[in-house]
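Working notes, structure below.
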Amino acid sequence: MASSISQTLLLTIALAPLAGALIAGLAGKQVGTRGAHTVTILGVLIAFIGSVMVLQQVAGGARFNATVYEWLVVGKLVMEVGFMVDGLTAMMMVVVTFVSLMVHVYTIGYMEGDPGYQRFFSYISLFTFSMLMLVMSNNFLQLFFGWEAVGLVSYLLIGFWFKKPTAIFANMKAFLVNRVGDFGFILGIGLVVAYTGSLNYTAVFAQAPEIAKLTFPYPTWGGDWMLITVICICLFIGAMGKSAQFPLHVWLPDSMEGPTPISALIHAATMVTAGIFMVARMSPLFELSDTALNFVLIIGAITALFMGFLGIIQNDIKRVVAYSTLSQLGYMTVALGASAYSVAVFHLMTHAFFKALLFLAAGSVIIGMHHDQDIRNMGGLRKHMPITWITALLGSLALIGTPLFAGFYSKDSIILAVEASNLPGTPFAIFAVVAGVFVTAFYSFRMYFLVFHGKERFHHKPFPPDDDHAHGHGDDHHDATPHESPWVVTAPLVLLAIPSVVIGYLTIQPMLFGDLLKDAIFVDATKHPAMAQLAEGFHGAAAMALHGLQTLPFWLALAGVVTAWWFYLKQPGIPVAIGKALSPVVRVLENKYYLDWFNEHVLAAGARLIGNGLWKGGDQMLIDGAIVNGSASLVGRIAGVVRQLQSGHLYQYALVMLLGIFGLLTWQLWPYFSGLMR
């Protein structure tokens with residue numbers, strides 16, 4: 001494709017963070033802490049500036065889709081490194097590099113004094129490279145490389161404090177759960193290659209209508225499955241793992257054991273959105289299967305609502321934000337199921353800013369509270385941490401969908417798109433996303449009020465001593481009064497707060513109704529009218545905000561805020577009484593719907609039982625006992641019998657020979673003698 005985007009520029013964007021990661025990781029002792037953060041921040045800054053330049057060129061009509069390097073050809077199957085840069089890719093590049101840049105700067109303050117300082121910067125820069133390779137790829141193989149690379153770095157970062165048992169458990173859990181999703185993902189890619197003979201997006205999408213005519217060769221429940229449905233569901237199972245959709249969501253809350261900067265970078269803004277990006281990129285395939293879209297819609301609706309419920313009972317400040325992330329990923333997935341791919345990507349973009357802001361604000365609070373993460377031990381931090389307070393407030397207002405804030409435009413667009421969908425799962429999805437508005441507002445402002453308002457509760461509980469992962473930040477740990485974080489922590493908060501407020505207003509028109517994503521996303525408007533109906537009802541960002549003040553979601557969000565204020569600032573006895581009255585429900589929520597119990601005591605125990613059976617019955621008894629050792633024993637016994645015949649006496653050998661000759665003659669002459677006797 002003819003393009004004005006320089007291939008050299010694209011390579012620079014992708015490789016600059018990798019260079020920083022290699023220098024900080026391999027020469028960390030030589031460059032020191034200052035050198036490590038300087039070189040990695042410089043690499044990500046170069047990538048961010050280049051990404052902004054690419055986005056400007058794409059907005060002007062430029063595109064890039066070409067092979068950079070062919071590294072293997074097997075028959076007609078080409079394995080290559082290549083880039084596809086359109087509006088979807090350019091937007092993701094800017095989001096990934098900007099959030100990563102903010103996290104890199106923030107990390108200077110948050111990880112100060114940590115013995116793994118250089119290693120941490122190397123990891124997060126390596127993650128940025130991996131994510132860029134994922135979103136820039138023009139083929140399934142490179143996509144899978146980036147997919148697995150971000151998973152690997154996520155594993156390393158969740159278990160960054162490797163002397164902490166809970167961190168090691170969390171990163172292993174994330175690794176194993178994502179293997180389940182990735183198994184489905186690679187099956188989907190394998191089916192694509194088997195039936196198209198290509199890994200290249202453009203070639204596969206061109207054959208999509210032909211694939212849609214094929215049936216899967218294995219009959220199930222009385223009939224064949226459409227091949228396109230099986231492919232799309234397999235690909236989406238990969239997204240369920242990476243983007244933490246029910247029931248493969250269980251790893252993400254535990255991943256909060258890692259340092260807060262990676263919670264913002266990986267588990268709010270970038271890696272967990274990889275599944276959403278992938279489904280949007282695969283829209284030419286998903287549009288051909290209503291069954292797959294309905295599956296996506298239902299899974300997203302379950303995640304959006306029921307993960308929000310879990311956020312209500314969390315007391316760890318990072319886990320509240322983690323369950324919020326799960327719920328918002330559910331909203332994005334619902335939009336994908338409604339064929340509103342551009343709306344899902346729009347919410348991905350706005351959410352990246354305000355959720356990264358909330359995670360980093362939570363980290364700032366943790367610094368101020370000397371690593372006490374329990375919101376019940378906070379209160380009244382507004383006057384002690386004013387910058388953290390105001391930025392957290394702006395992020396919370398964006399999260400609950402306050403008109404004019406970024407989250408309002410994307411979340412309300414999702415609700416409108418679902419209402420316009422004609423899939424069978426639409427009624428449940430509408431209920432889930434609308435009810436989720438109240439739930440989101442309630443748990444978000446429960447956390448906000450308990451942390452920043454009300455009585456100061458931190459004087460009544462001694463601060464926990466630093467352990468091997470609670471590193472110093474230059475503050476006096478003998479002073480029980482929290483204070484504002486250093487500028488390297490607060491500056492990224494301010495810079496993330498700005499787009500959290502204005503980015504939705506500025507970008508809704510070009511992203512949803514303009515040409516930015518027009519050639520990146522395919523929608524069959526005759527079958528899936530959601531985007532067409534959204535376009536008909538859109539009369540500008542300002543008009544949408546004014547109209548939003550009259551809609552049910554706004555009043556539900558307001559009700560959630562007021563309820564949280566009344567429950568936790570005015571009448572704190574009410575939630576206690578409700579918790580006692582609904583103790584069975586609370587118990588189910590505290591046990592996270594018993595999914596961890598089910599995974600550990602049913603799935604894992606069942607797998608171990610099957611494994612032990614195969615090991616002892618199959619391996620030890622059948623293979624080792626019967627086949628390998630049994631055959632050896634049989635040969636030994638035969639040899640023992642034969643050995644008795646080898647006496648060494650010549651007359652015995654002669655007798656055996658004579659008997660043998662007599663037997664052969666009898667066998668040969670018997671027909672002749674039997675004929676004579678007749």
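In this chain, residues are counted from 1 in sequence order. In this text the structure is predicted, and so the values were computed from the model without any measurement.
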Mark yes or no for whether [X], through its side chain, and [Y], through its backbone, hold a donor-acceptor pair below 3.5 Å.
| X | Y | answer |
| --- | --- | --- |
| Ser243 | Met240 | no |
| Ser154 | Val150 | no |
| Asn139 | Gln142 | yes |
| Ser444 | Ala441 | no |
| Ser327 | Met307 | no |
| Arg446 | Ile312 | yes |
| Ser324 | Val320 | no |

Return the orientation label for the [X] and [Y] ring planes: parallel under 30°, perpendicular over 60°, tilted otherwise.
| X | Y | result |
| --- | --- | --- |
| His351 | His347 | tilted |
| Phe140 | Tyr201 | perpendicular |
| Phe442 | Phe438 | parallel |

salt_bridge(Lys242, Glu148) N-O dist < 4.0 Å: no
When you look at CZ of Phe428, are more than 12 heavy atoms from neighbouring residues, nucleotides or ligands closer to it than 6.0 Å? yes
Residues, nucleotides or ligands: over 12 heavy atoms within 6.0 Å of Tyr505 OH: no
Between [X] and [Y], what is the shortest heavy-atom contact and its length?
| X | Y | value |
| --- | --- | --- |
| Val230 | Leu191 | CG1-CD1, 3.7 Å |
| Val192 | Ser198 | CG1-O, 4.2 Å |
| Ala274 | Leu134 | CB-CD1, 4.0 Å |

Between [X] and [Y], does any side-chain donor sit less than 3.5 Å from a side-chain acceptor?
| X | Y | answer |
| --- | --- | --- |
| Gln207 | Thr196 | no |
| Ser410 | Thr350 | yes |
| Tyr341 | Glu287 | yes |

Assess the pair Phe98 and Phe353: is the distance between their ring centroids shorter than 6.0 Å? yes
For Arg281, what residues pass the salt bridge (charged side-chain N to carboxylate O under 4.0 Å, His left out) criterion, not counting sequence neighbours? Asp86
Show me the side-chain donor-acceptor pairs of residues 415-424 shorter than 3.5 Å, one per line, residues at least two apart or across chains.
unit_1, atom_1, unit_2, atom_2, d
Ser421, OG, Leu423, N, 3.3
Ser421, OG, Thr426, OG1, 3.2
Asn422, ND2, Lys527, O, 2.9

